[in-house]
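In what follows, a structure is listed as structure tokens, so that the remarks can point back to it.
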Amino acid sequence: MNTLELSLGCCNYDRTKAIFDGRVRMEGCSLVPLALEPEEIFHRAFRGQEFDICEMSLSSHTLNVARGTAHYVAIPAFLSRAFRHSGIYVRADSGIRTPADLKGKKVGIPEYQITANVWIRGMLLDEYGVRPQDIRWRRGGLEQPGRRERSPITLPEGIEVEQIPDDTTLSKQLESGELDAVFGAKAPSCFLNGSGKVQRLFADYRKAEQDYFAKTRIFPTMHVVGVRKSLVDKHPWLPVSVYKGFIEAKKVATEELKQVGHLAVTLPWSVAELEATQKLMGEDYWSYGLADNRHVLDTFTRYHHEQGISPRRVQAEELFYGPALEPAKN
């Protein structure tokens with residue numbers, strides 16, 4: 001039987017490693033895997049549809065689904081998930097001690113639409129009453145000048161977003177005091193250098209995030225997997241084969257984490273951490289599929305529309321390839 005030779009662009013996580021090293025194969029496919037950083041994958045996928053299968057920003061995919069401009073169909077394999085209380089960085093001398101103190105401040109963002117910031121803004125509104133309109137947004141590259149939105153967006157009146165000059169970065173402006181805070185998925189270098197000028201808003205972010213999960217049962221989804229729509233039209237079996245492959249790869253990673261005799265990651269108490277996480281969040285805490293994540297996805301699509309990024313409220317089912325949502329059962 002001939003197999004499809006397909007390109008795969010995604011991060012080489014523990015939960016995708018078995019696909020990269022060939023221990024897990026996707027039925028009917030021969031993969032050319034490319035281990036890349038998310039920013040490069042998203043830029044190349046959304047601008048030029050360069051990959052046959054790729055990791056995708058949930059936010060940008062939601063926007064394209066709402067507009068009817070999606071070139072990829074998605075499967076509910078959430079390669080990246082992360083709590084985002086840890087993604088709020090503030091100047092130590094800014095007077096920002098609580099979320100309410102962000103009101104009226106200049107806050108840097110790499111892009112308004114990135115998934116991490118959708119979650120941060122939604123969490124600030126739901127949990128602390130801080131609206132997007134309360135903040136003065138400044139957009140640009142975190143460490144490299146000139147970054148802009150990967151997909152064009154039109155925001156509602158009352159949302160102030162200004163592009164910073166193309167000869168500077170968010171990190172430089174935060175360090176110099178031109179910005180009061182930065183929101184994002186990555187820590188700015190002015191925080192990592194240990195100067196003390198920049199700190200996290202939530203110093204004990206682990207406790208804040210655990211409390212948030214205990215209250216909301218939300219473990220934020222960041223990235224999904226996309227399959228080129230033109231390929232799906234020719235090979236409707238393909239998304240399910242891809243989905244099954246990612247599910248199996250995650251199982252391999254989870255089993256490796258359980259091995260106490262030879263630790264899978266370079267942390268001395270990784271098994272104890274796994275056990276503590278499962279006690280708090282459930283055995284399959286990094287779940288794939290729509291059914292186990294509906295409340296998370298419904299919250300996200302609500303945030304996405306409330307913040308004016310998507311022109312209409314997208315239903316969770318619209319985000320994914322239908323047959324992948326109803327796997328065969330024995």
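Atom set for the values below is all heavy atoms of this structure, side chains included, hydrogens, waters and symmetry mates excluded.
- R136 pairs in a salt bridge (charged side-chain N to carboxylate O under 4.0 Å, His left out) with only one of the listed residues (E160, E178, E162), which is E160.
- Contact check for I159 versus Y112: side-chain heavy atoms found under the 4.5 Å cut-off.
- Within 6.0 Å of the NZ atom in K244, the count of heavy atoms belonging to other residues, nucleotides or ligands does not exceed 12.
- The aromatic ring centres of Y303 and W119 sit less than 6.0 Å apart.
- Checked by atom type and distance alone, the side chain of H295 pairs as donor or acceptor with a backbone atom of R217 at under 3.5 Å.
- Judged by distance alone, the side chain of Q49 and the main-chain N or O of R228 form no donor-acceptor pair under 3.5 Å.
- When each of R147, R148, R139 is checked for a salt bridge (charged side-chain N to carboxylate O under 4.0 Å, His left out) with E111, only R147 meets the rule.
- In this structure, the side chains of T216 and E127 come closer than 4.5 Å at one or more pairs of heavy atoms.
- Checked against S59 for a side chain to side chain donor-acceptor pair (under 3.5 Å), the options H304, H223, Q113 give a single hit: H304.
- Annotation: side chain of Q315 is not in contact with side chain of T301 (no heavy-atom distance under 4.5 Å).
- Taking a 6.0 Å sphere around NZ of K207, one finds it holds 12 or fewer heavy atoms contributed by other residues, nucleotides or ligands.
- Within 6.0 Å of the OH atom in Y205, the count of heavy atoms belonging to other residues, nucleotides or ligands does not exceed 12.
- L267 places none of its side-chain heavy atoms less than 4.5 Å from the side chain of E273.
- Panel note: side chain R15, backbone A249; no donor-acceptor pair is recorded below 3.5 Å.
- Of the possible donor and acceptor atoms, none in the side chain of K106 sits under 3.5 Å from a partner among the backbone N and O of R138.
- Residues L102 and L201 meet the side-chain proximity criterion, which asks for heavy atoms closer than 4.5 Å.
- Contact check for Q199 versus V90: side-chain heavy atoms found under the 4.5 Å cut-off.
- Looking only at side-chain heavy atoms (C-beta outward), L257 and D14 come within less than 4.5 Å of each other.
- The aromatic rings of Y128 and F202 sit tilted relative to each other, their planes meeting at an angle between 30° and 60°.
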Problem set entry | Criterion salt bridge (Lys or Arg N to Asp or Glu O under 4.0 Å) on D126 and K215, from CA distance to verdict | CA-CA 12 Å; D126 278 2; K215 177 181 178 182; over 6 Å; no
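- Residues Y89 and L170 fail the side-chain proximity criterion, which asks for heavy atoms closer than 4.5 Å.
- In the displayed structure, R206 atom CZ is contacted under 6.0 Å by at most 12 heavy atoms of other residues, nucleotides or ligands.
- Taking a cutoff of 4.0 Å between a charged side-chain nitrogen and a carboxylate oxygen, E256 and R23 qualify as a salt bridge.
- Within 6.0 Å of the CD atom in Q144, the count of heavy atoms belonging to other residues, nucleotides or ligands does not exceed 12.
- Residues S86 and R200 have side chains that never bring a donor and an acceptor to within less than 3.5 angstrom of each other.
- What you find for W286 and R81 is that their closest heavy atoms are CZ2-N, 3.4 Å.
- Side chain to side chain, D233 and S230 fail the donor-acceptor criterion of an N or O pair below 3.5 Å.
- In this model, a donor atom of one side chain and an acceptor atom of the other lie less than 3.5 Å apart for S189 and S171.
- Of the candidates M222, E149, R150, I114 forms a side-chain contact (heavy atoms from CB on, under 4.5 Å) with just one, namely R150.
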